[in-house]
Enquirer: 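Mind having a look at this structure? Questions to follow.
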Amino acid sequence: MQHQPEPWRVKVVEPIHLPDRDTRLKRLEEAGYNVFAIPAEDVYIDLLTDSGTAAMSQNQWAGIMLGDESYAGARNFYHFRDTVQQITGLPFIIPTHQGRVAENLLFSTLVKPGMKIPSNNHFDTTRANIEVHGGEAVDLVIPEGRRPESDHPFKGNIDLDRLDAFLAENGRDHVPIAMLTITNNSGGGQPVSLANIRGMSEICHRHGVPFFLDACRFAENAWFIKQREPGQAHRAIQDIAADMFNAADGCTMSAKKDGLANIGGFIGMRDQTLFENLKNMLILIEGFPTYGGLAGRDLEAVARGLVEALDERYLAFRVGQVQAFWQRLDRAGIPMIRPAGGHAVYIDAKSFLPHIPPEQFPAQSLTVALYLEGGVRGVEIGGVMFGKTDPETGEPVWPELELVRLAIPRRVYTNTHLEYVADVLEKMYRNRESVTGLRMVYGAEVLRHFTARFTPVA
Ligand code: F0G
């Protein structure tokens, strides 16, 4: 036993099945070799995302039955608000139906054309919500965070010297807010240390810039701090989480991750004027401030899930399961971002398939092959998602990394399921020369990875 076993037993089961190989090939053809277009029922092990895919507990399901669906002032809202206040220490809380609405509220209120918002790495939706208002999303992760082979314990850290220089150069008037993503999803699910969070807080406040956390995976980040940061091992996870939020002026949150819920999110802050402004915008785009686009029962599920996500036995299992899966793949020689992230492993498709050039989409090719070989769905983070055309030369520009992310839903799959995925990948790695590239036959202007279509290169 490499890590703590599941601190629960199974009460309800959801059947899954592996379609035969002919059916899998047919589904791929119908989907234009894009796994987003494959019906979930024809996926055996679905590692597309850890977002909104968690199994809820009996306590959460019981809470669902206590949903109060009053338009205004439902009791679940007060439970939700009090729970979030208790965990984060932030006084002003606005529920939203998911994380990107919290981002939309914040950036539509604060960002004006030409402004710049620094972060370690902005997540796609955060970046898009900044750019749509004419702002620039600037990534300042430490150099180790850009090197897949680095074993730095906190590869999600922001480069504090660069941040200081950036704020000195741009000034409060051009930087309305600074963000920090914990854990750093775009950088491999890597954590940020408490020292780094506090360092960022000090620098931002010295420059008069508000500092917000993108807190989607705050509990997993707190667990890494407890495991890896000197002097933190003996502390309660709730206290570490409280310290993280204490350093910040607010946070955006997708409760579809460490809220252990299937839908939900919030934005929390200390500034009452900002709160009043966001609340008015919320009414316009989401709903009344005591439900924010959610049913009362969903607010209850989130309130209960946030507490469960901070249970140390749960976190030991959760992060341990991802780590054990990563170690198994590492022993097989499969190239990945090091070390294991909190919620996912990221396979380096360029090294896995060196014979496939960037214009034939190595990470997309590996994603398609993984579904064909094992009925497993991952997500491409490479040339399909981030490839661009140079506006001057018309030449394609390819991202540095071609990754396939296998995100592990919370409390959903057993170790046996993940061993099956590892078996499939090991076999594929031994026969990697047989994987062929793809040619894109349709690609939308924006966010093309969701709808792009391909055909295999002969
Ligand atoms: N911030 C981070 C770091 C995220 O990972 C996500 C979502 C969001 C914000 C947006 O939250 O989906 O509730 O609107 N990440 C999902 C993923 C989609 O698969 O990584 P949302």
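Read the numbers this way: they start at 1 and go in the same order the structure lists the ligands and their atoms. Residue indices begin at 1 and follow the sequence shown. Please read these numbers as outputs of a predicted model, since none were measured by experiment.
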Enquirer: What atoms of ligand 1 come closer than 4.0 angstrom to any heavy atom of Gly99?
Expert: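 Counting from 1, the qualifying ligand atoms are 11 (O), 13 (O), 14 (O), 21 (P).
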
Enquirer: Would Arg127 and Glu103 satisfy salt bridge (Lys or Arg N to Asp or Glu O under 4.0 Å), going step by step from the backbone distance to the final call?
Expert: CA-CA 9 Å; Arg127 181 180 306 283; Glu103 295 163 1; over 6 Å; no

Enquirer: Going by distance only, is there an N or O of Arg217 that falls short of 3.5 Å from an N or O of ligand 1?
Expert: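 Between Arg217 and ligand 1 (N or O atoms, distance only) the closest approach is under 3.5 Å.
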
Enquirer: Going by the side chain to side chain contact (heavy atoms under 4.5 Å, CB included) test, name the single residue among Asn184, Ile225, Asn221, Leu194 that passes it with Phe154.
Expert: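 For Phe154, the side chain to side chain contact (heavy atoms under 4.5 Å, CB included) test succeeds with only one of Asn184, Ile225, Asn221, Leu194, which is Ile225.
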
Enquirer: Would you find a donor on one side and an acceptor on the other, under 3.5 Å apart, between the side chain of Asp348 and the backbone of Ile337?
Expert: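 The answer is no, because no donor-acceptor pair under 3.5 Å joins these two groups.
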
Enquirer: Please list the nearest protein heavy atom to atom 12 (O) of ligand 1 with its residue and the distance rounded to 0.1 Å.
Expert: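 Atom 12 (O) of ligand 1 sits closest to the protein heavy atom Arg100 NH2, 2.8 Å.
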
Enquirer: With a cut-off of 4.0 Å, which atoms of ligand 1 are near a heavy atom of Lys256?
Expert: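 Matching atoms, with element in brackets: 13 (O).
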
Enquirer: Indicate yes or no for a side-chain donor-acceptor contact from His133 to the backbone of Asn129 under 3.5 Å, with no hydrogens or angles considered.
Expert: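 Looks like yes, one N/O pair under 3.5 Å.
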
Enquirer: Which ligand 1 atoms are under 4.0 Å away from a heavy-atom of Arg405?
Expert: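 What qualifies from ligand 1 is 17 (C), 19 (O), 20 (O).
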
Enquirer: Classify the angle between the aromatic ring planes of Tyr420 and Tyr44 as parallel (below 30°), tilted (30 to 60°) or perpendicular (above 60°).
Expert: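 Perpendicular: the ring planes of Tyr420 and Tyr44 meet at over 60°.
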
Enquirer: Checking ring pair (Phe, Tyr, Trp, His ring centres under 6.0 Å) against Tyr291, which of Phe80, Tyr71, Phe77 comes through?
Expert: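 For Tyr291, the ring pair (Phe, Tyr, Trp, His ring centres under 6.0 Å) check succeeds only for Tyr71.
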
Enquirer: Determine, considering heavy atoms only, which of Asn185, Ile263, Asp214 sits nearest to atom 20 (O) of ligand 1.
Expert: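 The residue whose heavy atom sits nearest atom 20 (O) of ligand 1 is Asn185.
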
Enquirer: For atom 11 (O) of ligand 1, what's the nearest protein heavy atom and its distance?
Expert: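 The closest one turns out to be Lys257 NZ, 3.2 Å.
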
Enquirer: Taking Gln86 for the side chain and Arg81 for the main chain, is one N or O donor matched with an acceptor at less than 3.5 Å?
Expert: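 Looks like no, no N/O pair under 3.5 Å.
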
Enquirer: Identify, for atom 9 (C) of ligand 1, the protein heavy atom at the shortest distance, and state residue, atom and that distance.
Expert: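 Here the nearest protein heavy atom works out to Glu103 OE2, 3.1 Å.
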
Enquirer: Is there a side chain to side chain contact (heavy atoms under 4.5 Å, CB included) between Ser150 and Lys155 once you walk through the steps?
Expert: CA-CA 8 Å; Ser150 161; Lys155 277 176 91 170; 4.1 Å; yes

Enquirer: For atom 3 (C) of ligand 1, state which one of Val379, Thr181, Leu48 supplies the nearest heavy atom.
Expert: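 Among Val379, Thr181, Leu48, the closest heavy atom to atom 3 (C) of ligand 1 comes from Thr181.
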
Enquirer: Quick one: look up the protein heavy atom nearest atom 10 (C) of ligand 1 and list residue, atom name and how far away it is.
Expert: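 For this ligand atom, the closest protein heavy atom is Thr125 OG1, 3.5 Å.
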
Enquirer: Starting from atom 8 (C) of ligand 1, what is the nearest protein heavy atom, named by residue and atom, and what distance separates them?
Expert: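 That would be Phe123 CD2, 3.5 Å.
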
Enquirer: Numbering the atoms of ligand 1 from 1, which are under 4.0 Å from a heavy atom of Thr49?
Expert: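 In order of number, 17 (C), 19 (O).
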
Enquirer: Counting heavy atoms only, which of Ser254, Ser119, Ala215 is nearest atom 13 (O) of ligand 1?
Expert: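 Residue with the shortest heavy-atom distance to the ligand atom: Ser254.
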
Enquirer: Does even one non-hydrogen atom of Gly265 get within less than 4.0 Å of ligand 1?
Expert: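 Under 4.0 Å: no for Gly265.
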
Enquirer: Assess the residue pair Arg24 and Asp42 against the criterion (salt bridge (Lys or Arg N to Asp or Glu O under 4.0 Å)); give the C-alpha distance rounded to whole Å, side-chain angles, the decisive distance to 0.1 Å, and a yes or no.
Expert: CA-CA 8 Å; Arg24 301 199 296 268; Asp42 288 324; over 6 Å; no

